[in-house]
Number of protein chains: 2
Amino acid sequence: MSTRGETGRRADAVRNRQLALQAATALLAQPGTALTVEAIATKAGLGAATVVRAFGGKDALLDAAVSGLLEPVVRRARALLEQTAAEDALRTFLAELIAFQSAHHAISDQLGDLDLPATTAQRAELVRNVEEMITRARADGAIRTDLSPAVVTTLIGQAAYAVARARPASRELADACVTVLMDGLRPQRRVR
Amino acid sequence: MSTRGETGRRADAVRNRQLALQAATALLAQPGTALTVEAIATKAGLGAATVVRAFGGKDALLDAAVSGLLEPVVRRARALLEQTAAEDALRTFLAELIAFQSAHHAISDQLGDLDLPATTAQRAELVRNVEEMITRARADGAIRTDLSPAVVTTLIGQAAYAVARARPASRELADACVTVLMDGLRPQRRVR
DNA sequence: ACGATAACTGAAATGCACGTTCCAGTTAGA
DNA sequence: TCTAACTGGAACGTGCATTTCAGTTATCGT
């Protein structure tokens, strides 16, 4: 009888695949390190060739690692959208997004020229969810209507990225970003 | 009689230095192209070795090119600070900074790991000027005082960077950034 | 249990894209 | 005209992902 996993891979290959994924995930949260195949392999206690082969290439490995990290974020956005008033959902999600990105600098920092299909798809879903939050918050009269939801979504995404990128990471800056953005997004009284 | 420039360099060397600088500057404004020595040399119609030698290295060449581009921006910040009410200066400068960065994606995009002393110094001066604008606008009662000037400065810098980075570059997004940020920075009435 | 064997491993080789340096030839300039 | 300065194609060094291949090991049929 076969002891092979359902992929048909040998048990040690499956285990090494896990090790590689864990090592890559760990390095994504650790700033300053170079995120090379060599570094990942060392962290995993494997040879570089093994790490690469396990996923068919560096891109696929990092795609798996990043999208694994992103999955709870996507789920959280969906949950907030269902269970919370739109404005609160938006504020909460923005704060959490900044925190997530701050804890994983490398995600937006060193992955520029890689091809990450799963990650891209998840990003797209995040954008869809945020856009829905904005549309609903608009309908509630909670945010201004003189800016298109698409633009506001981009603004929020870029803001989260930018603030997370700032070094040293600072809680004060993150809070300021949320505060200023949310206040700035409220319907403005015509003043002056 | 000597026809040498005051640097003691031969005339063709001086001219080639100029060509290299112009080519590098041109490439900084042109997105998509890799900012390699080879690319700069081709654009300048020179050999790669000549381009590198003219400045002693790629870093020095790009430092010269970037700080050349940044110089008018720095001057503009000084001028705004002297001649304009702080709040207006801040709004105007933010808009112009976004426009500048949008027109020179590569500056914040591909120069991450290079050593650019002149550029760094100019950035520091920009930060000082923006911080002064904020301090004055605060004193005028034009912006909120519950956030430290340093944090607001970082926020503005990062926002400009982030919005300029968004592709496709959009005037609408740039305007939205200025609007939301400036509205969010105003003293907020205690609402609700 | 026990080979037989296909799958797997990782050190070393390969390939590639850079920046930089060399050097034989060219040219500006006194 | 003579020579020191300059040029640029080619060679080199580096850092990387990926492939190769001789050796190892898990798995299966017996």
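Residue numbers start from 1 in every chain, and the chains themselves are labelled A, B, ... in the order their sequence lines are given, proteins ahead of strands. Source: prediction; values computed, not measured.
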Is the number of heavy atoms from other residues, nucleotides or ligands within 6.0 Å of CZ (A/R123) greater than 12? no
Rounded to whole Å, CG of A/L46 lies from C1' of D/dT24 at a distance of 15 Å
Whole-Å distance, B/L111 CG to C/dG19 P, equals 12 Å
Rounded to whole Å, the CZ-P distance (A/R9 to C/dA7) equals 12 Å
Does B/T50 have a side-chain nitrogen or oxygen under 4.0 Å from the phosphate oxygens OP1 or OP2 of D/dG8?
yes
Rounded to whole Å, CG of B/D12 lies from C1' of C/dA28 at a distance of 6 Å
- Task: May I ask you to check whether over 12 heavy atoms, not counting those of A/E38, lie within 6.0 Å of atom CD?
- Result: no
In short, A/R144 meets A/L147 closest at the heavy-atom pair CD-CD1, 3.9 Å
note: B/F55, atom CZ; C/dG19, atom P; distance rounded to Å ~ 16 Å
Closest of C/dG29, D/dG8, C/dG10 to the B/R10 side chain is C/dG29
Against the side chain of B/A34, the closest entry in D/dT7, C/dC18, D/dA17 is C/dC18
For B/A142 and B/E87 the tightest heavy-atom approach is CB-OE1, 3.5 Å
- Salt bridge between A/R186 and A/D183, side-chain N to carboxylate O under 4.0 Å? yes
What N/O pairs connect the protein and nucleotides 20-22 of chain C at under 3.5 Å? Give each pair on its own line.
residue	atom	partner	partner atom	Å
C/dT20	OP2	B/K58	N	2.8

When rounded to whole Å, the CG to P distance for the pair A/N16 and D/dT24 reads 17 Å
Q. Is it true that B/E132 and B/R128 make a salt bridge, defined as a side-chain N closer than 4.0 Å to a carboxylate O?
A. no
Using the rule given for salt bridge (Lys or Arg N to Asp or Glu O under 4.0 Å), can you reason through B/R75 versus B/E71, listing the C-alpha separation, both sets of side-chain angles and the distance that settles it, and then say yes or no? CA-CA 6 Å; B/R75 261 208 306 277; B/E71 206 199 287; 2.6 Å; yes
A/L35 CG to D/dG15 P, in whole Å, measures 17 Å
Rounded to whole Å, CZ of A/R17 lies from P of C/dG10 at a distance of 16 Å
